[in-house]
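What follows is a set of notes on a single structure, which appears directly below.
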Amino acid sequence: MNQIEIGKFIAKCRKEKKLTQAQLAERLNITDRAVSKWETGKSMPDSSVMLELCGLLEITVNELLSGEKIEMESYEQKAEENLIALKRKDENKLGSVIISLLFSAILLIGIIVCLICDIAISGELTWSFIPVGSIVFAWVISFPIVLLRKKGIFVSLVSLSIFIVPYLFLLSNLVNVKEVFSVGSVMAVVSIVFLWIIVAVFSRIEKTRKLFALGIIFLLAIPFVLIINITLSEMIEEPVFDVWDMLSIFELLILAFVSFICDYAKKKGLIK
């Protein structure tokens, strides 16, 4: 099943029925944002509304899952393909749950080993708080991606935005180095803002223009490099630019240029 194609099919059927997203949502007793997510391929209609949705659009569930109108002679084949696709989707979900549990168990074992080694060596808990804190932070940030894969990227980014500064504050106190928090938190905030800009760019630009979005990101990375260097220069009295910084900016310009050229070529059908 292709969620993008299913979303386009839902939008097409809705427009044929002369319904707006808000009107369709009202009849299904859901939000128009949910309908928007279906039509952009970000999510699938829930099973609780799927039959009602198909009734309103005058299509079958099989056609909905296929993302197209189905001729009678190929109806049975499409039904079998959709059943297989649903089965694979369920298997992938189960696999993600198992992997996430194993991932959590391995990190928990790591925490236990650190605590045991610390007590065995020092007679009390001392240095183990540093790796334990780092492991917990890593779990909070990475677990949504391990469990939800691509859909978990947004959740992980939210977690990173919330917990990075408290983590740096804790780490700074554990290692007794103030610069870890004072410098690290500023760099972290700037980096997180840049990450959110990347998410915004890719979400705004069509999925078929990924190369164009990539080119924009490369260009935006240039002021990001400048901000990082200027900030570090103010905080630790380092030179704003050196040879490596100039080389990095030059490489970003080349990568942006190549991305735009490839996007243009792809748009004109010169490359696939």
Side-chain angles (χ1 to χ4, degrees), residues 100 102-148 152-203 216-253 255-256:
S100 61
L102 288 173
F103 173 73
S104 301
I106 290 170
L107 293 186
L108 179 60
I109 291 171
I111 289 174
I112 295 172
V113 169
C114 287
L115 294 175
I116 292 174
C117 289
D118 191 12
I119 294 174
I121 295 171
S122 308
E124 58 182 348
L125 296 176
T126 54
W127 55 265
S128 60
F129 288 115
I130 298 173
V132 167
S134 299
I135 290 172
V136 172
F137 176 71
W139 180 85
V140 170
I141 302 304
S142 56
F143 184 77
I145 296 178
V146 176
L147 179 61
L148 303 174
I153 293 176
F154 180 80
V155 180
S156 289
L157 188 52
V158 171
S159 298
L160 180 64
S161 303
I162 294 173
F163 294 109
I164 183 64
V165 173
Y167 166 71
L168 289 172
F169 178 77
L170 175 65
L171 186 62
S172 177
N173 283 279
L174 289 174
V175 299
N176 199 25
V177 178
K178 294 181 179 180
E179 288 76 10
V180 171
F181 177 71
S182 60
V183 178
S185 59
V186 174
M187 295 298 101
V189 169
V190 174
S191 300
I192 288 171
V193 169
F194 182 64
L195 287 174
W196 278 110
I197 291 173
I198 292 175
V199 171
V201 169
F202 274 102
S203 63
I216 292 176
I217 296 302
F218 285 135
L219 288 179
L220 291 174
I222 295 173
F224 170 72
V225 171
L226 296 175
I227 292 171
I228 289 292
N229 277 274
I230 292 171
T231 305
L232 283 175
S233 177
E234 293 292 328
M235 299 186 74
I236 60 177
E237 298 181 354
E238 287 288 331
V240 176
F241 293 111
D242 58 22
V243 176
W244 295 109
D245 293 321
M246 297 301 294
L247 181 61
S248 297
I249 292 174
F250 181 68
E251 288 176 347
L252 288 170
L253 285 171
L255 290 170

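Note: hydrogens, waters and symmetry copies are ignored here, and every other heavy atom, side chains too, is used. Model, not experiment: these values are computed from the prediction.
Closest heavy-atom contact between L115 and S128: CD2-OG, 3.7 Å. Closest of all the heavy-atom pairs between S100 and V146 is CA-CG1, 3.6 Å. Smallest separation of non-hydrogen atoms from L168 and A188: CD1-CB, 3.9 Å. Closest approach of V140 to P144, counting heavy atoms only: O-CD, 3.4 Å. Contact detail for I192 and L160: the closest heavy-atom pair is CD1-O, 3.8 Å.
A distance of 11.0 Å separates CZ of F103 from CG of L147, quoted to the nearest 0.5 Å. Between atom CD1 of residue I198 and atom CG of residue L157 there is a gap of 9.5 Å, rounded to the nearest 0.5 Å. Rounded to the nearest 0.5 Å, atoms CZ (F194) and CD1 (I228) are 10.0 Å apart. In this structure, CD1 on I164 lies 7.0 Å from CD1 on I141, to the nearest 0.5 angstrom. Here the CD1 atom belonging to I111 is positioned 12.5 Å from the CD1 atom belonging to I106, to the nearest 0.5 angstrom. Once rounded to the nearest 0.5 Å, the distance linking CG of L232 with CD1 of I227 reads 12.0 Å.
No side-chain donor-acceptor contact under 3.5 Å links S172 to the backbone of V180. S233 places no side-chain N or O within 3.5 Å of a backbone atom of N229 that could act as its donor or acceptor partner. Checking side-chain atoms of S156 against main-chain N and O of G152 turns up a donor-acceptor pair under 3.5 Å. A donor-acceptor pair under 3.5 Å is absent between the side-chain atoms of S122 and the main chain of I119, judged by distance alone. Distance alone, capped at 3.5 Å, places no donor-acceptor pair between the D118 side chain and the C114 backbone.
No side-chain heavy atom of V183 sits less than 4.5 Å from a side-chain heavy atom of K178. The shortest side-chain heavy-atom distance between W139 and L108 does not fall under the 4.5 Å cut-off. Within the 4.5 Å cutoff, no side-chain heavy atoms of V177 are placed close to those of L171. You'll find the side chain of S159 stays beyond 4.5 Å of the side chain of F143, heavy atoms only. The shortest side-chain heavy-atom distance between F181 and V165 falls under the 4.5 Å cut-off. You'll find the side chain of I153 stays beyond 4.5 Å of the side chain of L148, heavy atoms only. Taking the side chain as every heavy atom from C-beta outward, V201 and I217 approach each other to under 4.5 Å.
Around the CZ atom of F169, the shell of radius 6.0 Å holds no more than 12 heavy atoms that belong to other residues, nucleotides or ligands.
The aromatic rings of W196 and F154 stand perpendicular to each other, their planes meeting at an angle above 60°, with 30° marking the opposite boundary.
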